[in-house]
Engineer: 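Let me begin by handing over the structure; questions about it come next.
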Amino acid sequence: MKIELDKIYKSKDVETRWYKVWEKSRYFCPNENLDLDPFVIVIPPPNVTGILHMGHALNNTIQDILTRWHRMKQQPTLWMPGMDHAGIATQNVVERKLAKEGKTRHDLGREAFLEETWKWKEEHGSTISKQLRHLGSSCDWTRERFTMDEGLSRSVRETFVRLYEKGLIYQGHYIINWCPRCHTALSDEEAPHKDSEGSLYHIKYPIKDSKDKFVVVATTRPETMLGDTAVAINPTDERYSDLVKQKLNLPLVDRELSVVQDDFVDKEFGTGVVKVTPAHDPNDFEIGKRHDLEFINVMNEDGSINEAGGAYQGLDRFKARKKIVKDLEELGLLLKVEPHQHAVGHCYRCDTVIEPYFSKQWFVKMKPMAEKAIKVVQEGRVQFIPDRWTKVYLNWMENIRDWCISRQIWWGHRIPVWYCNDCEHINVSREDVTECQECKSKNLRQDEDVLDTWFSSWLWPFSTLGWPDETPDLKRFYPTTDLVTGSEIIFFWVARMIMAGCEFLGKEPFKTVNIHGTIRDGDGTKMSKSLGNTIDPLDVIDEVGADALRFSLMMITGSGQDAYLSKDKFEIGRNFTNKIWNACRFLFMNLESEKLEDFELSESELKNLTLIDEWILAELNSTIKKVNFALEVYRFNDAASDLYHFFWHAFCDWYIELVKPKLTSEGEDLISKGERQLTEKVMLHVIEKSLRLIHPIMPFQSEEIWQKLKALCNKDLGESISLSQWPETNHDLINEESIQKVELLQEIATVLRNFRAENNVAPRDKIHIACELESADSVVKGLASEIKLLANAEEVQFISSQKEKGKWFKVGVLKEIILYVDASQDIDIAKRKKVVDESLNNVDAYIHSLEKKLSNDKFKNNAPKEVYEKEVEKLQESLKKQKVFQEEKKTLEELV
RNA sequence: GGGGACUUAGCUCAGUUGGUUAGAGCGCUACCUUGACAUGGUAGAGGUCGGAGGUUCGAAUCCUCUAGUUCCCACCA
């Protein structure tokens with residue numbers, strides 16, 4: 001039976017070929033196994049406008065590893081895919097497109113604009129799901145959802161109505177974050193503050209009916225003074241106690257201002273006098289409410305000054321600011337301007353400076369829901385990994401503020417509210433309303449606004465499963481198991497999902513939240529398109545393959561830690577896929593066995609193993625154990641590096657090298673046919689298990705090789721490695737003794753190779769080796785042929801210490817053995833002497849420290865017995881070494 | 001203002017309950033173009049774990065302070 005692999009691994013061909021098969025064969029749909037708990041992940045739905053970036057690649061690789069791992073454990077496994085309609089982002093895209101044609105959305109009107117947007121979605125909206133397939137993501141695409149599809153829209157309405165009926169949704173006039181470019185309200189989370197250099201303007205407000213008397217107020221936004229309706233001081237501030245009875249004249253605008261006392265005012269800051277603009281500042285808004293002040297809105301939706309601004313009407317807010325400052329200066333009312341650093345909100349979509357804006361919006365009352373969501377985390381029913389995020393989450397939850405959910409855009413779920421034009425009744429309904437519930441009038445108008453995009457995302461873990469219907473999927477797959485996401489959407493998404501799950505289903509939506517790090521570039525700045533510092537995952541896939549990308553990402557990103565990425569980081573994955581490919585190729589090339597029954601090793605086969613076979617099986621099983629553990633605790637980097645070290649540095653570097661002669665022609669005389677067959681079987685067993693272990697991280701290549709391997713076997717291994725059984729650890733095969741023996745063998749080989757390197761003995765030249773053994777029954781005796789092979793020796797002799805002194809040259813000292821080579825070699829005595837001197841110094845120092853430690857009674861009394869004994873053992877060994885080195889030093893000195 | 005995270009070889013990072021003469025990958029040096037792989041092999045050089053103090057028989061690992069880098073959160077005009 002011959003199986004062949006191409007000379008080089010052609011990732012592109014393999015990837016497209018297998019993904020098609022996987023998807024077509026519905027391997028990614030959950031199985032019907034009722035005995036095992038289902039494993040469920042919902043994808044953090046990427047924006048429909050999105051294109052795959054490294055953050056996605058990391059996020060989805062982790063999800064895929066978990067999904068494939070559980071699928072191989074034969075659990076019913078569902079990775080629910082889908083996309084987010086991304087209200088503002090998508091609308092921006094379509095509006096930009098229209099702008100190129102010289103049109104605005106208003107030219108089209110609402111209906112036509114939405115049609116246009118759906119059209120855009122149909123044409124471009126599947127980009128990212130295609131890209132996720134390139135990555136190998138094993139989502140169940142038959143269940144793919146979109147936040148605006150019919151079912152999800154229904155759950156949005158259901159939740160809105162329920163919350164409204166419960167009194168948790170209310171409408172009101174408040175100061176919200178307004179983006180003058182997107183023309184919409186934003187939630188607090190959507191308006192992140194950035195420190196910016198601004199100015200603090202000190203302005204004189206004249207006191208009415210006084211000559212030249214004035215108070216000084218300070219502001220960073222002078223243009224808002226157009227909307228001032230009062231000035232506030234701290235009630236305990238004696239400097240201004242007289243002021244309370246007086247009135248002020250607001251400059252530039254002909255308006256009288258009263259003076260109010262409010263605790264909010266900090267006596268220490270500035271002059272201790274605050275201008276109050278209730279319609280343009282959240283704090284002033286509160287003061288305004290407390291003191292029943294007038295709310296004057298001075299801006300239009302685009303941030304320009306409106307008619308209330310008198311002479312400044314029509315000016316953009318920043319132009320108005322300049323002009324106002326200039327005018328004040330001319331009037332002699334500008335006292336001074338100081339540089340001032342302060343935090344300014346910016347639109348998270350377009351980065352425009354947010355305007356605190358007074359308007360009527362819909363809000364969700366969050367406190368009652370937060371309480372439940374806090375509880376489930378505190379009780380450990382939802383667990384953050386790493387745990388430090390728990391604190392971040394709880395802190396936000398405990399200080400939660402109401403959620404502004406109305407957006408003044410068109411793309412999204414329209415608010416299910418109909419106002420009666422006749423009786424002004426507010427109709428809130430799951431179904432479209434055509435008749436007023438109060439007065440039966442048909443003269444209704446629906447609320448113009450749509451809901452925040454996150455108002456549909458927060459339902460994602462159950463809306464995708466069919467909720468509010470009691471669907472079989474919902475029963476079977478809710479609550480989901482793991483959530484995998486980045487830290488930047490803990491508040492936006494994770495926290496709200498927990499609230500929604502508890503509120504609407506009475507059960508937390510997932511058990512663990514795995515927060516992975518952020519991908520940054522080599523300088524540590526976040527990768528973003530606008531900075532132009534991105535590495536496109538698709539380019540990487542193109543160059544090195546998806547498996548290499550995935551593996552590299554796992555090697556690079558420590559648990560939850562940010563990763564600093566540069567292109568060369570992907571070499572590790574590329575090299576590893578190459579190594580696996582070539583190792584398998586080599587082994588397949590030299591196979592002689594006929595078809596095997598299967599790859600499992602029978603009892604009798606296990607009894608006939610060579611030491612090397614025993615050892616590799618021990619290493620394999622200890623790797624299975626480690627990988628299992630790593631995955632269980634979400635330490636993907638550990639899993640990846642465990643696999644890497646096993647396959648490369650145990651299997652390839654040592655095992656294959658050791659069995660090579662048996663497999664190639666020169667070995668034919670050396671072993672019996674049965675022995676060769678057994679070795680081949682062990683080797684195939686190891687490869688087959690390794691492939692299964694690697695499959696969650698590197699799905700494509702493992703499938704390709706595994707399918708070739710299948711042909712060698714009579715037993716039906718199944719259709720795909722992705723459905724095959726996840727390897728279990730066979731603890732009986734973790735044979736410590738064989739591990740120790742092979743470690744000794746490796747040390748011996750290293751010493752001898754080192755000798756070659758130091759003395760420039762060519763690898764081809766055979767050497768003669770002698771081993772002086774501590775005891776006659778040393779295990780080393782059984783290793784002669786391996787030593788011979790690894791050191792390329794003509795022969796290996798075992799000698800006793802006293803004899804044949806002149807013939808052998810000492811090259812190394814190990815645990816139970818002293819190594820010699822034939823003294824006829826051309827040996828660099830000076831070099832050797834240097835090495836021996838250094839070794840002796842090290843050993844001396846080490847012995848000194850050990851003796852010190854051991855002579856300390858406190859150590860003897862306090863340290864655990866094993867630790868103490870270990871130290872004693874170390875000392876004995878070191879003393880032996882010391883003796884040998886001393887002798888050798890003497891010998892070398894005589895020779896010089 | 002509050003809360004995290006990070007600081008270990010030239011670079012990027014491991015080091016899970018304190019006990020290793022401190023590890024890996026890349027890079028570097030020397031040798032190897034022997035038919036699996038130069039995306040390779042062998043050998044080697046290179047850190048005392050940001051700094052200071054403390055706890056302990058024993059600390060990279062725990063505590064305190066301190067410096068630097070960085071990320072969140074926060075309504076001080």
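Chain naming here is simple, since letters A, B, ... match the order of the sequence lines and numbering starts at 1 in each. Everything numeric here is computed off the predicted structure, so don't read it as measured data.
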Engineer: Compute whether any side-chain donor of one residue and acceptor of the other, for A/N841 and A/D837, lie under 3.5 angstrom apart.
Structural biologist: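 No, because no side-chain N or O of A/N841 sits under 3.5 Å from a partner of the opposite role on A/D837.
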Engineer: Taking the side chain as everything from C-beta on, heavy atoms only, tell me whether A/N582 gets closer than 4.5 Å to A/F586.
Structural biologist: no
Engineer: Would you kindly check whether a donor in the side chain of A/N856 faces an acceptor in the base of B/C57, or vice versa, at under 3.5 angstrom?
Structural biologist: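 Per atom types, no contact qualifies.
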Engineer: Determine the contact category for A/E866: base if any of its heavy atoms lies under 4.0 Å from a base atom, sugar-phosphate if only primed atoms, P, OP1 or OP2 are that close, otherwise nothing.
Structural biologist: nothing
Engineer: Just N and O in the side chain of A/K391: are any of them under 4.0 Å from OP1 or OP2 of B/G4?
Structural biologist: yes
Engineer: Checking all strands, does A/V274 fall into the base, sugar-phosphate, or nothing category for heavy-atom contacts under 4.0 angstrom?
Structural biologist: base
Engineer: Of all the nucleotides listed (B/U16, B/G25, B/C76), which has the minimum atom distance to the side chain of A/Y644?
Structural biologist: B/G25
Engineer: Does either side chain, that of A/S839 or that of A/N842, offer a donor lying less than 3.5 Å from an acceptor on the other one?
Structural biologist: no
Engineer: According to a strict under-4.0 Å criterion, is A/N399 in side-chain N/O contact with OP1 or OP2 of B/A74?
Structural biologist: no
Engineer: Could you tell me whether A/S487 contacts a base, only the sugar-phosphate backbone, or nothing, with contacts defined as non-hydrogen atoms closer than 4.0 Å?
Structural biologist: nothing
Engineer: Are any of the side-chain nitrogens in A/E794 or A/K766 under 4.0 Å away from the carboxylate oxygens of its partner?
Structural biologist: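 Here A/E794 does not pair with A/K766 in a salt bridge, since their nearest N and O are not under 4.0 Å apart.
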Engineer: Walk along nucleotides 27-33 of chain B from 5' to 3' and tag each nucleotide B, S or - by protein heavy-atom contact under 4.0 Å, base first, then sugar-phosphate.
Structural biologist: -------
Engineer: Just to confirm, is there a sub-4.0 Å distance from OP1 or OP2 of B/A77 to any side-chain nitrogen or oxygen of A/H340?
Structural biologist: yes
Engineer: For A/L553 and B/C13, what is the distance between atoms CG and C1' respectively, to the nearest whole Å?
Structural biologist: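 Taking atom C1' of B/C13 as the reference, CG of A/L553 is at 15 Å.
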Engineer: Salt bridge or not between A/K267 and A/D237? Use side-chain N to carboxylate O under 4.0 Å.
Structural biologist: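 No, this pair does not count.
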Engineer: Within less than 4.0 Å of OP1 or OP2 of B/A43, is there a side-chain N or O belonging to A/R753?
Structural biologist: yes
Engineer: For A/D262 and A/H291, which I'm curious about, is there any donor-acceptor pair between the side chains at under 3.5 Å?
Structural biologist: yes
Engineer: Check this for me: does any side-chain nitrogen of one of A/R496 and A/E189 sit under 4.0 Å from a carboxylate oxygen of the other?
Structural biologist: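 Looking at A/E189 together with A/R496, the answer is yes, because their closest N to O distance falls below 4.0 Å.
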Engineer: Are any of A/W648's side-chain N or O atoms less than 4.0 Å away from OP1 or OP2 of B/G41?
Structural biologist: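 Yes, within the criterion.
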Engineer: Roughly how many Å apart are B/G54 and B/U69, using the P atom of each and rounding to a whole number?
Structural biologist: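 Rounded to whole Å, the distance is 28 Å.
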Engineer: Run through A/I175, A/D284, A/T277, A/D281 and flag the one making a side chain to side chain contact (heavy atoms under 4.5 Å, CB included) with A/F358.
Structural biologist: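 That would be A/I175; it is the only one of A/I175, A/D284, A/T277, A/D281 passing the side chain to side chain contact (heavy atoms under 4.5 Å, CB included) with A/F358.
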Engineer: Ignoring the backbone of A/R401, work out which of B/U39, B/U20, B/C75 is nearest its side chain.
Structural biologist: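 Of all the options, the side chain of A/R401 is nearest to B/C75.
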Engineer: Between A/H340 and A/F269, how do the two ring planes meet: parallel, tilted or perpendicular, split at 30° and 60°?
Structural biologist: perpendicular
Engineer: Verify the distance criterion only: is there a donor paired with an acceptor across the side chains of A/Q882 and A/D844 at less than 3.5 Å?
Structural biologist: yes
Engineer: At 4.0 Å (heavy atoms only), tell me whether A/K874 reaches a base, stays on the sugar-phosphate, or touches nothing.
Structural biologist: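 Touches sugar-phosphate only.
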Engineer: Checking contacts here: which listed nucleotide (B/G19, B/A36, B/A14) is nearest the side-chain heavy atoms of A/D638?
Structural biologist: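 Shortest atom-to-atom distance from the side chain points to B/A14.
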Engineer: Please convert RNA chain B into dot-bracket. A pair counts if it is Watson-Crick or G-U wobble with both distances under 3.5 Å; crossing pairs go in [ ] and bases paired with another strand get |.
Structural biologist: (((((((..((((.....[...)))).(((((.......))))).....(((((..]....))))))))))))....
Engineer: Between B/U17 and B/C63, how many Å separate the two P atoms, rounded to a whole number?
Structural biologist: 14 Å
Engineer: Could you list the residues that satisfy salt bridge (Lys or Arg N to Asp or Glu O under 4.0 Å) with A/K870, not counting sequence neighbours?
Structural biologist: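 Result, salt bridge (Lys or Arg N to Asp or Glu O under 4.0 Å) vs A/K870: none returned.
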Engineer: Write down the distance between CG (A/L850) and P (B/U21), rounded to a whole number of angstrom.
Structural biologist: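 In whole Å, B/U21 P lies 7 Å from A/L850 CG.
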Engineer: Please give the distance between the C1' atoms of B/C13 and B/G47 as a whole number of Å.
Structural biologist: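 Result for the C1' pair: 14 Å, nearest Å.
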Engineer: For nucleotides B/A77 and B/A9, find the distance between their P atoms and express it as a whole number of Å.
Structural biologist: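 To the nearest whole Å, 42 Å.
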Engineer: Using a strict cut-off of less than 4.0 Å between a Lys/Arg side-chain nitrogen and an Asp/Glu carboxylate oxygen, indicate whether A/R221 and A/E355 qualify as a salt bridge.
Structural biologist: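 Yes, this pair counts.
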Engineer: Does the pair A/K336/A/E338 count as a salt bridge with the N-to-O cut at 4.0 Å?
Structural biologist: yes
Engineer: State whether A/K7 places a side-chain N or O below 4.0 Å from either non-bridging phosphate oxygen (OP1 or OP2) of B/G35.
Structural biologist: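 No, A/K7 has no side-chain N/O under 4.0 Å of OP1/OP2 on B/G35.
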Engineer: May I ask you to say what A/P192 touches in the nucleic acid, namely base, sugar-phosphate or nothing, with a heavy-atom cut-off under 4.0 Å?
Structural biologist: nothing
Engineer: Report the distance from atom CD1 of A/I515 to atom C1' of B/C72, rounded to the nearest whole Å.
Structural biologist: 13 Å
Engineer: Has A/F859 got its ring stacked on B/C57, by the test of a centre gap below 5.5 Å and a plane angle below 30°?
Structural biologist: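 So A/F859 does not count as stacking on the base.
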Engineer: Measuring to OP1 and OP2 of B/U12, would you say a side-chain N or O of A/S566 lies under 4.0 angstrom away?
Structural biologist: no
Engineer: If I take atom NZ in residue A/K852 and atom C1' in nucleotide B/G58, what distance separates them, rounded to the nearest angstrom?
Structural biologist: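 Taking NZ of A/K852 and C1' of B/G58, I get 11 Å after rounding.
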Engineer: Taking the C1' atom in each of B/U48 and B/G58, what is the distance between them to the nearest angstrom?
Structural biologist: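 Pairwise C1' distance, B/U48 against B/G58, rounds to 15 Å.
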Engineer: Round to a whole Å and report the spacing from CG of A/N578 to P of B/G41.
Structural biologist: 10 Å
Engineer: Let me spell it out: for each of A/A218 and A/F491, pick the nucleotide of RNA chain B with the closest heavy atom. Which residue's pick is nearer the 5' end?
Structural biologist: A/F491
Engineer: Roughly how far apart, to the nearest Å, are B/G51 and B/A60 at atom C1'?
Structural biologist: 14 Å
Engineer: Roughly how many Å apart are B/U34 and B/U39, using the P atom of each and rounding to a whole number?
Structural biologist: 14 Å
Engineer: Does the side chain of A/N754 get closer than 4.0 angstrom to OP1 or OP2 of B/G44 through an N or O atom?
Structural biologist: yes
Engineer: Would you classify A/K569 as touching base, sugar-phosphate or nothing, given that sugar-phosphate means primed atoms plus P, OP1 and OP2, and contacts are heavy atoms under 4.0 Å?
Structural biologist: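 The answer is sugar-phosphate, as A/K569 gets under 4.0 Å only of primed atoms, P, OP1 or OP2.
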Engineer: Can you check the distance between B/U29 and B/G10, where both ends of the measurement are the C1' atom (answer in whole Å)?
Structural biologist: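 The same atom, C1', in both gives a distance of 14 Å.
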Engineer: Any base atoms under 4.0 Å from A/H848, or only sugar-phosphate, or nothing? Heavy atoms, all strands.
Structural biologist: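 The residue A/H848 makes no contact with any strand.
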Engineer: Nearest heavy atom decides the nucleotide; on that basis, is A/E189 or A/R574 closer to the 5' end of RNA chain B?
Structural biologist: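 It is A/R574, whose closest nucleotide lies nearer the 5' terminus.
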Engineer: Identify which nucleotide among B/A43, B/C76, B/C37 has an atom closest to any side-chain atom of A/F264, counting heavy atoms from C-beta outward.
Structural biologist: B/C76
Engineer: Is any side-chain N or O of A/K579 closer than 4.0 Å to OP1 or OP2 of B/U39?
Structural biologist: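 So the side-chain polar atoms of A/K579 never come under 4.0 Å of the phosphate oxygens OP1 or OP2 of B/U39.
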Engineer: Measure from the side-chain heavy atoms of A/R635 and tell me the nearest of B/A24, B/U20, B/A14.
Structural biologist: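 Of the options given, the side chain of A/R635 lies nearest B/A14.
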Engineer: To the nearest Å, how far apart are A/I489 CD1 and B/C73 P?
Structural biologist: 13 Å
Engineer: Under 4.0 Å between a side-chain N or O of A/N862 and OP1 or OP2 of B/C57?
Structural biologist: yes
